[in-house]
**Q** 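After the structure tokens below, expect a handful of questions from me.
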Amino acid sequence: MVNYKIINVENSINSGQVFLWKKNKEFWNGVNGDDVLSIDKNGNINSYQNFKIDFFRQNDNLEKIIKSISKDKTVKMAVKKFQGLRILRQDPFQCLISFIVSSNSNIPKIKNNLEKISKKFGKKIKYHNQEFFLFPNPKKLAKASINEITSCGVGYRAKFIKEAAKIIDLKEIDFDYLKKCNYQDAKENICQIPGVGGKVADCVLLFSLDKLEAVPLDRWIIRILEKYYLKKFEITTKTITEKQYNILHKKIVNYFGPYAGYSQQFLFKMERENYKKKWL
DNA sequence: CCAAGGCCTGAATG
DNA sequence: ACATTCAGGCCTT
């Protein structure tokens, strides 16, 4: 029996969605854009700014969603084992920069890079007697020099970060507009940003722009598909071109339905757990 | 259209 | 120890 109400805070934070989080005694504390959240083990949120954000997407109808994605034994098992795993609703700009930084990288390094960015460019605040650095706003990063950004250890991604920040700051791409668009339009839009390809785009769409049919296809998901869905999705290649990415994505949405993003999150978590990869 | 190679960096692997 | 490979891609040729 699946309990649709529970929130597993630990699993949700440690599932590759967010990076600027750490645990202090009973509480998970994390930077989310201009805000700092403090979350207890039941998922009750206090925040520095008192912004009311449905961070755990509790307005999603989990019962309907889980029934909808439960197409086979593999997902059913993942859903059962990781009850309470949620897709988080993040600050879009922080999410965008996070996943530009993530390309060709690994979690400890991504985390390190992002900490340096918020420390160097973000505003220092005190909350619950601890120090935090808010995530810098687009203008701040847009004005930063490439050298300053590079000093955060992001390497060749520095210029992508600056350009992305400029585009967002000037509202050439507007997150509020993207939230209203359908998946395809939003994706085409966001892929205009340098450093954003299919995978990064899907991360941003799923984790911050409410596009639940976005399914980030990274190495891990490809590995899972090869392992459990080889025939179903006719996986042939290891290296995925843009076209193959899109074809595969269509097959996945066709199979798992409009909430395919949730299925990805459960499968991903399951496979990572098998390999005991380090999170935060 | 596809394939191959380069790219910063640090952790993991031998 | 030290070298090499790899890591949650993207861009250019």
**Q** Base, sugar-phosphate alone, or nothing: which one does Pro194(A) contact when heavy atoms must sit under 4.0 Å apart?
**A** sugar-phosphate
**Q** What I want to find out is whether Glu163(A) reaches Lys166(A) closely enough, with some N-O distance under 4.0 Å, to be called a salt bridge.
**A** yes
**Q** Between Glu273(A) and Lys81(A), is there a salt bridge with N-O shorter than 4.0 Å?
**A** no
**Q** Please confirm whether the backbone N or O of Lys123(A) pairs with a side-chain atom of Lys140(A), one donor and one acceptor, at under 3.5 Å?
**A** no
**Q** If you go through the side-chain atoms of Tyr156(A), does one of them form a donor-acceptor pair with the base of dG9(C) closer than 3.5 Å?
**A** yes
**Q** Starting from the 5' end of DNA chain C, give me the residue, Arg223(A) or Tyr245(A), whose nearest nucleotide shows up first.
**A** Arg223(A)
**Q** Is the Phe132(A) to Tyr48(A) ring centre distance short of 6.0 Å?
**A** no
**Q** Just the rounded figure in Å: distance from C1' of dT9(B) to CG of Leu114(A).
**A** 14 Å
**Q** Over how many whole Å does the gap from Gln244(A) atom CD to dC1(B) atom P extend?
**A** 12 Å
**Q** Where the side chain of Phe99(A) is defined as all heavy atoms beyond and including C-beta, which of dG9(C), dC11(C), dG8(C) is the nearest nucleotide?
**A** dG8(C)
**Q** What is the distance from CG of Asn106(A) to P of dT5(C), rounded to the nearest Å?
**A** 17 Å
**Q** Do the side chain of Arg272(A) and the base of dG8(C) come within less than 3.5 angstrom through a donor-acceptor pair of N or O atoms?
**A** yes
**Q** Of the nucleotides dA7(C), dC10(C), dC2(B), which has the atom closest to the Lys199(A) side chain?
**A** dC10(C)
**Q** Using the C1' atom as the point on both nucleotides, what is the distance between dC11(C) and dG10(B), in whole Å?
**A** 23 Å
**Q** Let's see if you can work this out: which of dC1(B), dA7(C), dC10(C) has an atom nearest to the side-chain heavy atoms of Arg219(A)?
**A** dA7(C)
**Q** Quick one: does Arg157(A) reach the base of dC7(B) with a side-chain donor-acceptor pair under 3.5 Å?
**A** no
**Q** According to a 3.5 Å limit on both distances, what stems of 3 or more consecutive Watson-Crick or G-U pairs are formed with DNA chain B?
**A** B:3-7 with C:9-13, B:9-14 with C:2-7
**Q** What is the distance from CG of Asn147(A) to C1' of dC8(B), rounded to the nearest Å?
**A** 14 Å
**Q** Nearest whole angstrom, please: distance from the C1' of dG8(C) to the CG of Leu225(A).
**A** 14 Å
**Q** Can you measure Leu96(A) atom CG to dG9(C) atom P for me and round it to whole angstrom units?
**A** 17 Å
**Q** Taking the six-membered ring for Trp, are the ring centroids of Phe99(A) and Phe19(A) within less than 6.0 Å of each other?
**A** yes
**Q** Identify, with sequence neighbours excluded, every residue that meets side-chain hydrogen bond (donor to acceptor under 3.5 Å, both in side chains) alongside Glu131(A).
**A** Lys124(A)
**Q** Using whole Å, what does the distance between atom C1' of nucleotide dC11(C) and atom CD of Gln192(A) come to?
**A** 14 Å
**Q** Judged by atom type as modelled, is there a donor-acceptor pair below 3.5 Å linking the side chain of Asn113(A) to the main-chain atoms of Cys152(A)?
**A** yes
**Q** Which comes earlier along DNA chain C counting from the 5' end, the contact point of Asp218(A) or that of Phe160(A), where each point is its nearest nucleotide?
**A** Asp218(A)
**Q** Find the distance Ile240(A):CD1 to dG8(C):C1' and express it as a whole number of Å.
**A** 13 Å
**Q** Check whether any side-chain N or O of Lys269(A) sits under 3.5 Å from a backbone N or O of Ser15(A) as a donor-acceptor pair, and report yes or no.
**A** no
**Q** Side chain of Lys109(A), heavy atoms from C-beta onward: which of dC8(B), dC1(B), dG8(C) has the nearest atom to it?
**A** dC8(B)
**Q** If you only use heavy atoms from C-beta on, which nucleotide in dC8(B), dC10(C), dG10(B) is closest to the side chain of Asn104(A)?
**A** dC8(B)
**Q** Rounding to an integer number of angstrom, what distance separates dA3(B) and dG8(C) when you compare their P atoms?
**A** 23 Å
